[in-house]
Amino acid sequence: MNQREYGRRGRIGLVTPQANPTAEPEISLLLPDGVSLLSARCTSRGEPKQRFLNYFRELDSTLGRFDALRFDALGFACTASSYLLKPGEEVTGCQQLTRQFGYPVLTAAMAIEAALKHLGATRIALACPYPQWLLERSAHWWRGRGFEVTQTFSAQADMEDTRAIYELSVDPILKQLLETFPDSDADVIVITGTGMPGLRLVRELSAATGRPVLNSNLCLAWQCLQAAGIEPGNRSPEPGYPLLGGWHNALARL
């Protein structure tokens with residue numbers, strides 16, 4: 001019998017980039033009652049491309065900071081890293097980490113892909129907070145995974161320091177998205193990037209377009225529960241929210 005005082009239904013681990021203020025609050029809100037979230041920060045210096053690569057390639061060291069703590073699943077909350085890795089490096093790395101630490105390790109990009117396949121999507125509209133060079137890498141990555149990218153949008157295409165993602169405001173981005181994707185013929189609208197506040201965008205854009213809308217943190221929370229074999233409970237899917245429901249009226253808590 002599970003005697004945990006906290007996390008009686010499961011423990012989910014999370015690794016985020018060092019200055020990300022968004023992934024933990026959003027994923028905590030998305031997890032069902034009885035499931036706890038425990039996190040660590042990956043750290044690196046230097047220019048953005050190298051930082052993102054270091055975050056993933058040094059995950060074994062980051063996970064080692066949890067010492068004897070074991071999870072039911074762990075998510076790596078940095079889609080930008082995935083878009084820059086060599087082909088096959090992401091999957092092979094996660095498989096090695098899973099064997100090494102004894103619990104499923106998966107990335108946000110892997111989680112989005114799993115969610116899209118779960119929904120039967122083949123055509124996606126891609127929105128992100130990234131600078132133009134990273135938007136192009138992300139679109140290339142998704143095409144390489146077999147998806148047709150019908151439209152792309154960057155909230156701040158000319159940003160130089162990617163940390164600026166963390167301070168973006170939702171209202172102007174929502175306005176731009178509604179202007180960019182008013183009659184999108186994509187199966188799903190994907191908002192990639194764990195650092196940009198995204199859950200209100202998911203809620204409002206889904207209501208306005210009538211199409212499924214996913215963001216990185218929503219997919220990562222869902223896939224961690226799937227990998228851990230934890231039932232969603234009070235976060236079970238509902239109309240308009242095909243992965244996890246029950247959270248959209250609780251956003252004010254964030």
Side-chain angles (χ1 to χ4, degrees), residues 15-27 41-59 75-87 89-90 107-113 116 124-145 147-182 184 186 188-202 204-205 213-220:
V15 172
T16 77
Q18 50 206 358
N20 186 323
T22 306
E24 288 144 319
E26 289 197 347
I27 293 176
R41 300 277 168 147
C42 44
T43 60
S44 180
R45 301 297 178 191
E47 51 87 23
K49 290 181 182 179
Q50 193 58 53
R51 281 206 315 270
F52 293 138
L53 289 171
N54 290 347
Y55 289 160
F56 183 82
R57 291 172 177 170
E58 297 172 5
L59 262 180
F76 172 58
C78 185
T79 47
S81 295
S82 298
Y83 300 146
L84 296 171
L85 293 168
K86 297 175 182 177
E89 185 176 358
E90 178 184 36
T107 71
M110 292 167 62
I112 297 171
E113 183 178 6
L116 291 171
I124 64 173
L126 188 64
C128 74
Y130 303 139
Q132 186 63 32
W133 64 266
L134 191 47
L135 171 61
E136 292 171 1
R137 290 296 294 261
S138 64
H140 176 77
W141 192 91
W142 285 109
R143 292 186 183 106
R145 305 303 296 170
F147 295 92
E148 180 182 351
V149 179
T150 64
Q151 294 167 280
T152 62
F153 165 84
S154 172
Q156 200 167 329
D158 59 350
M159 74 165 61
E160 296 182 2
D161 186 348
T162 54
R163 296 182 184 90
I165 291 168
Y166 305 140
E167 301 304 325
L168 291 174
S169 299
V170 169
D171 288 330
I173 296 172
L174 177 60
K175 183 176 184 294
Q176 293 175 70
L177 285 173
L178 290 172
E179 293 171 350
T180 304
F181 302 143
S184 175
V188 175
I189 297 172
V190 175
I191 302 169
T192 178
T194 65
M196 181 174 71
L199 289 183
R200 188 153 64 90
L201 293 174
V202 170
E204 303 300 330
L205 197 57
V213 181
L214 306 177
N215 86 325
S216 298
N217 293 328
L218 173 60
C219 294
L220 189 56

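Small disclaimer: the values here were computed from a predicted structure and weren't measured.
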Distance (rounded to the nearest 0.5 Å) between [X] [atom1] and [Y] [atom2]:
{"X": "Q176", "Y": "F181", "atom1": "CD", "atom2": "CZ", "value": "11.0 Å"}
{"X": "S154", "Y": "Y130", "atom1": "OG", "atom2": "OH", "value": "10.0 Å"}
{"X": "S82", "Y": "R137", "atom1": "OG", "atom2": "CZ", "value": "11.5 Å"}
{"X": "F153", "Y": "S184", "atom1": "CZ", "atom2": "OG", "value": "13.5 Å"}
{"X": "R51", "Y": "Q18", "atom1": "CZ", "atom2": "CD", "value": "6.5 Å"}

Which heavy-atom pair separates [X] from [Y] by the least distance, and what is that distance?
{"X": "N215", "Y": "G198", "value": "ND2-CA, 3.6 Å"}
{"X": "M196", "Y": "A155", "value": "SD-CB, 4.4 Å"}
{"X": "V149", "Y": "A139", "value": "CG2-O, 4.0 Å"}
{"X": "A23", "Y": "A77", "value": "CB-CB, 4.0 Å"}
{"X": "A109", "Y": "T79", "value": "N-CG2, 3.9 Å"}
{"X": "C78", "Y": "A108", "value": "N-CB, 4.4 Å"}

Look only at the side chain of [X] and the backbone of [Y], and say whether a donor-acceptor pair between them is shorter than 3.5 Å.
{"X": "E90", "Y": "L85", "result": "no"}
{"X": "S81", "Y": "F52", "result": "yes"}
{"X": "E26", "Y": "P197", "result": "no"}

Pair Q151-I189, side chain to side chain contact (heavy atoms under 4.5 Å, CB included): steps then yes or no: CA-CA 9 Å; Q151 294 167 280; I189 297 172; over 6 Å; no

Any side-chain donor near an acceptor of the partner, T22 and N217, under 3.5 Å: no

Pairs involving residues 169-178, ordered by first then second residue, that meet salt bridge (charged side-chain N to carboxylate O under 4.0 Å, His left out) (sequence neighbours left out): D171-R200, K175-E179

Lys NZ or Arg CZ of R145 over W141 ring: under 6.0 Å, within 45°: yes

Test salt bridge (Lys or Arg N to Asp or Glu O under 4.0 Å) applied to E136 - qualifying residues, sequence neighbours left out: none

L84 and F56: CA distance, side-chain angles, deciding distance, side chain to side chain contact (heavy atoms under 4.5 Å, CB included) verdict: CA-CA 10 Å; L84 296 171; F56 183 82; over 6 Å; no

Residue among L178, I191, L201 satisfying side-chain contact (heavy atoms from CB on, under 4.5 Å) with I173: L201

Passing option when S216 is tested against T107, I27, T192, V190 for side-chain contact (heavy atoms from CB on, under 4.5 Å): T192

Chi angles and distances behind the side chain to side chain contact (heavy atoms under 4.5 Å, CB included) call for T16, R41: CA-CA 5 Å; T16 77; R41 300 277 168 147; 3.3 Å; yes

Pairwise side-chain contact, F76 with M110, heavy-atom cut-off 4.5 Å (strictly under): no

Minimum side-chain heavy-atom gap Y83-C128 below 4.5 Å: no

Candidate pair L116 and L214, rule side chain to side chain contact (heavy atoms under 4.5 Å, CB included), full reasoning: CA-CA 9 Å; L116 291 171; L214 306 177; 4.0 Å; yes

